[in-house]
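To start, the structure itself, in structure tokens.
Keep in mind it's a predicted model, so treat the numbers as computed, not measured. All chains are named by letter (A, B, ...) in the order of the sequence lines, taking the proteins before the strands, and each is independently numbered beginning at 1. What you see below is based on every heavy atom in this structure, not just the backbone, and it leaves out hydrogens, waters and symmetry mates.
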Amino acid sequence: MNPRATLTALLAPAYLWLLLFGFVPLGIMLYFSFLSDVPLGNREVYFTWENYGRFFSRGFYSQLTLDSLLMGLYTTLGCLLLGYPLAYALAKSVSGRWQTALFLLVIVPFWSSSLVRLYAWIVVLGKGGIINYTLGLLGWTGATSILFTYPAIILGLVHAYLPYMVLTIYVALDRIDDRLLEAAASLGARPWRTFWRVILPLSLPGVLSGVILVFIPAIGSFVEPRLLGGPAGTLLGTVIEDQFVQVFNWPLGAALSFILLLIVIVIMLAASRLLFRTRTNPL
Amino acid sequence: MYRPFVTALTLTVVLVLTACTGMPIQPAAPATETTPTTLHVLNWQGYGSDEPWAIEQFEQLHNVEIVHDYFNSEDELLTKLRTSPGTYDVVLPNIAYIPPALADDLLQPIDVTQLAVWEQLPDSFQTLPEIQHGGAIYGVPWAWGATSLVYNTETFPDGLTSLNALWDPQYAGQVGFEDNYEDAVIFAALAAGIEPANQPPDLEAIRTKLTELAPNVRALWQSEDEFNRLFSSGEITLGVYWSGSTARARNQFDLPIAFVIPEEGAIGWTDAWAIPKDAPNVPLALAWIDFMSSPEFYVRWDSTAGAPVPANPQVLAQMAEDSFTRTVFGDPAVTEKLAFITNTPAATREAWVELWQEVKAEMK
């Protein structure tokens, strides 16, 4: 087989699949987002910018977008603060059977259904839940539960996306040659300085892929806000879901989705620029 | 190199051969008479039609397999009919949603002469304007009831009588409100005394009223299961709920819940069985409607689980005197306090949807 045929054989299945089930539906949704109504039965439909216009004419859509971006930011920050030390310990401090065991503890929640995990959080956080019950036993009965509040959403999202962050950072840290750290130490760098000048810059690509893997799905999430957020759970993701499932306004739902997609692309472009600058221009 | 290659080749040939000879053994395409007939029912979950004993009874009676699918809002029901034509045999829309379904050509006329129950329905149900179109009938009224104020009888031993209790600052963070734009708008209109409550003219007043509700809302619910979970875990102690679901919550789950029609009124609704345009099995769908409307099914449903008010008066007559339905809806004055859900024009509906989304977004 010539190399070209081999390459085609390797790539074709995946890209054909992506084209059929990824890009074609996306294209159809883009088409819908410019329609005045869902083209069904004997409805009169025409092309319009109205769905996109609506986003800008009503203040609450941009407010919700901001809320959703903030939610993604908090989730990413939470995952980063919890995930980086964990990944560091896994890559540099433990090995052998302990490493396998600790890895399993990070990944096992990943194997269970996300719905089961969310219901477990409801049991833990609720008014009569495990936390409040334990606090009550300790004599603190006036505690309010955080279930159905904004922090509960972030908690659920951090739990859901932490493995992505840990795994990508772990891979980047694991690749750092231990001799580099020894060299830094032999040149007189204290551990803290070694971390700032050697480890952190070298692990940045892993951090960035972790951030992207967490941030993007988190801003569009709607299941966690709906189940854990209570009255605080209205975000752009849930409004989009409502447009599709509850009120059958696919054109508006599609338009809102594409606006979100555009914002994500812009943010990612800016982020990759920033990364390139830090790479060519080390501290 | 040579030996393993030959072995692999032989193995492949053997495998292919066995696969080929194995093929005729597989059963031929099932013949029509051996195909188990199925009846696809689209309904709210836990709303009578999925009672296991009822399914078993009907399946044995008609040698059929019943497949259920569920919806969480009337709009979702319409969405499912639009996106899956030819799937469902029988569905249960609120009668207010029959006209929009007809506008999209989603239902077929029902030959009511084939139905035993039709003759038993009173005139007031047979002549409902929503179920008629061009001289044909598109829905068979099955049950009606109310969405109204409920409370925990242990938290409120003296009971509640006003819808505005939901707005009372004393009960901040205890209310379970329905995540449904239509009911949200009508409840706000009822509580604020805006008339007609089912088509309120002043949406700004509705917005103000709903915004004032925010501090009291603990959670928003969409399904019977969700409400029961919130109520039984003590997350909510008062709220709004469906009448039939309240009966089931009391009978089946022993929840300390009371349902009242408050002085301001409540929301009324009527549900009717309908047959989708391309239903694969119309004769069975008709048999299903008769079965669902029969005293044999309905009275047992009410006594074992809990049911809303039956449209069929013969069923009502056989229900126990102390049943939830007869105690709550026994007084004819109750009907006058209900604001029945009507067919709201699309543009108004859209304004309601956006209003409710905005109010929810501000609840944070």
Side-chain angles (χ1 to χ4, degrees), chain A residues 37-43 50 54 57-68 70-71 119 122-123 125-129 132-133 144-145 147-153 225-236 238-250 252-253 256, chain B residues 71-83 85 97 100-106 172-177 179-182 210 213-222 226 229-230 232-237 277 346 349-364:
Chain A
D37 200 350
V38 184
L40 256 178
N42 39 18
R43 296 179 181 198
E50 197 195 328
R54 212 141 128 196
S57 67
R58 306 296 291 236
F60 93 104
Y61 287 117
S62 24
Q63 184 56 46
L64 280 177
T65 311
L66 215 64
D67 290 345
S68 293
L70 261 179
M71 179 174 75
Y119 279 107
I122 292 177
V123 173
L125 299 175
K127 266 185 188 166
N132 273 31
Y133 181 74
T144 51
S145 91
L147 182 62
F148 304 136
T149 63
Y150 192 72
I153 306 174
R226 204 173 300 280
L227 286 178
L228 299 176
T234 303
L235 290 148
L236 200 58
T238 59
V239 170
I240 292 172
E241 190 215 358
D242 279 348
Q243 299 304 329
F244 279 97
V245 179
Q246 275 227 326
V247 298
F248 200 62
N249 193 343
W250 287 14
L252 181 61
L256 293 177
Chain B
F71 55 88
N72 274 331
S73 72
E74 299 288 338
D75 294 284
E76 191 184 348
L77 177 154
L78 294 181
T79 306
K80 289 198 165 176
L81 290 183
R82 285 166 182 139
T83 50
Y97 286 80
L102 290 176
D104 278 350
D105 202 11
L106 298 173
Q174 298 187 34
V175 170
F177 202 69
D179 189 3
N180 176 304
Y181 64 91
E182 191 167 49
L210 283 174
L213 182 66
N216 278 26
V217 174
R218 172 72 177 154
L220 297 165
W221 61 271
Q222 285 186 341
E226 211 173 348
R229 197 158 38 74
L230 290 165
S232 61
S233 62
E235 296 290 346
I236 59 173
T237 58
K277 178 123 206 289
R349 197 168 281 283
E350 216 160 272
W352 289 8
V353 169
E354 207 158 53
L355 184 152
W356 179 232
Q357 298 278 20
E358 271 178 269
V359 169
K360 279 199 294 177
E362 284 164 13
M363 277 190 184
K364 284 198 266 288

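- Neither the backbone nor the side chain of A/Q63 has a heavy atom closer than 4.5 Å to any heavy atom of chain B.
- In this model, no donor atom of one side chain and acceptor atom of the other lie less than 3.5 Å apart for A/Y61 and B/E358.
- Residue B/L106: no heavy atom, backbone or side chain, is found under 4.5 Å from chain A.
- A salt bridge links B/E235 to B/R218: one of the charged nitrogens lies within less than 4.0 Å of a carboxylate oxygen.
- Side chains of B/W356 and B/N180: a donor-acceptor N/O pair is absent below 3.5 angstrom, by distance only.
- The most heavy-atom pairs under 4.5 Å with chain A, out of B/Q357, B/K80, B/M363, B/K360, come from B/Q357.
- Chain B forms the most heavy-atom pairs under 4.5 Å with one residue out of A/R54, A/R226, A/K127, and that residue is A/K127.
- Partners of B/D75 according to the salt bridge (charged side-chain N to carboxylate O under 4.0 Å, His left out) rule, which considers only residues two or more places apart in sequence or in another chain, do not exist here.
- Among B/E354, B/E74, B/R349, B/E350, the residue with the largest count of heavy-atom pairs under 4.5 Å with chain A is B/E354.
- Scored by the salt bridge (charged side-chain N to carboxylate O under 4.0 Å, His left out) test, B/E226 finds no partners at all (sequence neighbours excluded).
- Residue A/L147 touches chain B through both its backbone and its side chain, counting heavy-atom pairs closer than 4.5 Å.
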Pair B/E182-B/W352, side chain to side chain contact (heavy atoms under 4.5 Å, CB included): steps then yes or no: CA-CA 7 Å; B/E182 191 167 49; B/W352 289 8; 3.9 Å; yes
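- Heavy atoms of B/F177 lying under 4.5 Å from chain A are absent altogether.
- Contact tally against chain A (heavy-atom pairs below 4.5 Å) for B/L78, B/L220, B/V353: the top residue is B/V353.
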